[in-house]
Amino acid sequence: MPPLVWVLTIVGLLAIVAFDLIVIARRNHTVTIKDATRWVLVYVGLAALFAVGLFLFSGGKTGGEFVAGYITEYSLSVDNLFVFVIIMARFSVPAMAQDKVLYIGIVVSMVLRAVFILAGAAAISAASWVFYIFGAFLVYTAIKLAIEGENDEADFQENAVLRGMRKILPLGHDYDGAKLATRDQQTGKRLLTPLVIVISAIGMANVIFALDSIPAIFGLTQDAYIVLTANAFALMGLRQLYFLIGGLLERIVYLNVGLSVILAFIGVKLIVEALHGSHIDDIGAIHLPHIGIITSLSFIAATLFVTTVASLIKSSLDARRVPVKIKVDE
């Protein structure tokens, strides 16, 4: 993309982030299902409009790569919500403060992910063998996820960074609404509230999840512009999705299976593309097929559809099962 397009895109994304902050500042109630639904539709609509613009001005290939990348990043980001729920519960974050905490944590992770994306793009352009590393890592992650499943309690633990922050920063023990700083009533000193630790935990959790999602989207496109914008739109809509489906996450019982299939598919795709680039597939009887963006998009969409439907069916069947109690006469 030309430098002007980059500048306009970054300015547009910053404007959306700033507008979102204004909405949070003016909201004087906890986020309702109606609020969350409306804003999820807004963010998905913005991503759809951006995709249409890419189809019109950059062609079907670029537009298709963005759609596939956005769907992949959004679906992988849903897995983050399990950890968000655990963090909010473990720190007993007040309901009024949760929206602000998620907003700041996600904005911080967007900046850090941008650094990762630019570094990944530079590594790929410098050496094509990076594809092998990304592909092997995704396949390994997929197998591990499929075998071990999701251990939500183990996904979040206070690491050395958080423990160090507790020792260095002047932290108080009590919350003060959605404020990041408060004044101790006994000593009169200015103290940071536990929200600072919560925001740091959410930001770091997002960065850790980026270790899977960023290599995955590089398996669909090597365009840093597409990777960056797909990540940005997926993360911007993640916060409201937390309030919308937070209570429904337990019903998507096969989510990890679906995500492992997607990660394995993209990992294999990366390795195949690396073999194509090395012309190893031209040797002997090796004839590896080219996996286009339409095939990738169709596979990802079908996997998510089957995962969701199968999960809802299993949840419904489990809910209908009523344990039979046998009364034994004394």
Side-chain angles (χ1 to χ4, degrees), residues 13-14 16-33 35-36 39-40 43 77-115 152-210 231-232 234-247 249:
L13 293 175
L14 291 176
I16 296 173
V17 171
F19 177 76
D20 211 356
L21 179 60
I22 295 174
V23 173
I24 294 175
R26 292 184 176 181
R27 184 181 291 135
N28 56 3
H29 61 274
T30 58
V31 179
T32 63
I33 296 296
D35 294 332
W39 283 106
V40 166
Y43 280 117
S77 295
V78 171
D79 207 29
N80 298 22
L81 300 184
F82 289 99
V83 181
F84 292 172
V85 170
I86 294 171
I87 292 175
M88 294 295 187
R90 184 166 296 180
F91 287 97
S92 301
V93 180
M96 282 292 296
Q98 292 185 8
D99 197 19
K100 183 177 181 179
V101 166
L102 289 173
Y103 172 83
I104 299 176
I106 289 175
V107 169
V108 171
S109 67
M110 285 174 63
V111 176
L112 296 177
R113 281 199 183 200
V115 176
D152 296 335
E153 293 296 331
D155 276 341
F156 170 73
Q157 296 178 354
E158 285 204 27
N159 52 35
V161 176
L162 294 179
R163 292 193 297 268
M165 291 177 63
R166 286 188 180 277
K167 296 179 180 179
I168 297 174
L169 297 178
L171 287 170
H173 298 288
D174 301 321
Y175 292 101
D176 188 2
K179 295 180 180 179
L180 299 179
T182 186
R183 188 175 298 277
D184 188 271
Q185 295 180 355
Q186 296 180 351
T187 62
K189 294 182 179 180
R190 295 285 292 180
L191 298 175
L192 298 175
T193 67
L195 288 182
V196 175
I197 297 295
V198 180
I199 291 171
S200 302
I202 288 177
M204 283 186 281
N206 262 321
V207 172
I208 292 173
F209 275 99
N231 268 273
L235 286 177
M236 286 191 298
L238 181 62
R239 190 180 90 258
Q240 302 300 340
L241 194 64
Y242 167 86
F243 295 101
L244 180 60
I245 69 171
L249 287 176

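Numbers here are sequence positions counted from 1.
At least one donor-acceptor pair under 3.5 Å links the side chain of Tyr103 to the backbone N or O of Val17.
Between Phe243 and Asp35, the closest side-chain pair of non-hydrogen atoms is not below 4.5 Å. At least one side-chain heavy atom of Asp99 sits under 4.5 Å from a side-chain heavy atom of Gln240. Side chains of Met110 and Asn231 form no contact here, defined as non-hydrogen atoms less than 4.5 Å apart. Looking only at side-chain heavy atoms (C-beta outward), Tyr242 and Gln98 come within less than 4.5 Å of each other. Within the 4.5 Å cutoff, the side chain of Val107 has no heavy atoms near those of the Leu235 side chain. Residues Leu102 and Met88 are in side-chain contact: their nearest non-hydrogen atoms beyond the backbone lie under 4.5 Å apart.
Taking CG of Leu191 as the reference point, atom NZ of Lys179 lies at 13.0 Å (rounded to 0.5 Å). Separation of atoms CZ (Phe91) and CD1 (Ile199) is listed at 11.5 Å; rounding is to 0.5 Å. Atom CG of Leu195 and atom CD1 of Ile104 lie 8.0 Å apart (nearest 0.5 Å).
Scanning for side chain to side chain donor-acceptor pair (under 3.5 Å) contacts around Thr182 gives Asp176, with sequence neighbours left out. The side chain to side chain donor-acceptor pair (under 3.5 Å) search around Tyr175 returns none, not counting sequence neighbours.
Closest approach of Leu13 to Ala232, counting heavy atoms only: CD1-CB, 3.9 Å.
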(message) One pair to check against side chain to side chain contact (heavy atoms under 4.5 Å, CB included): Asp20 and Tyr43. What are the steps and the verdict?
(response) CA-CA 11 Å; Asp20 211 356; Tyr43 280 117; 2.3 Å; yes
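Evaluated for a side chain to side chain contact (heavy atoms under 4.5 Å, CB included) with Val108, the options Ile106, Val111, Leu112 yield exactly one hit, Leu112.
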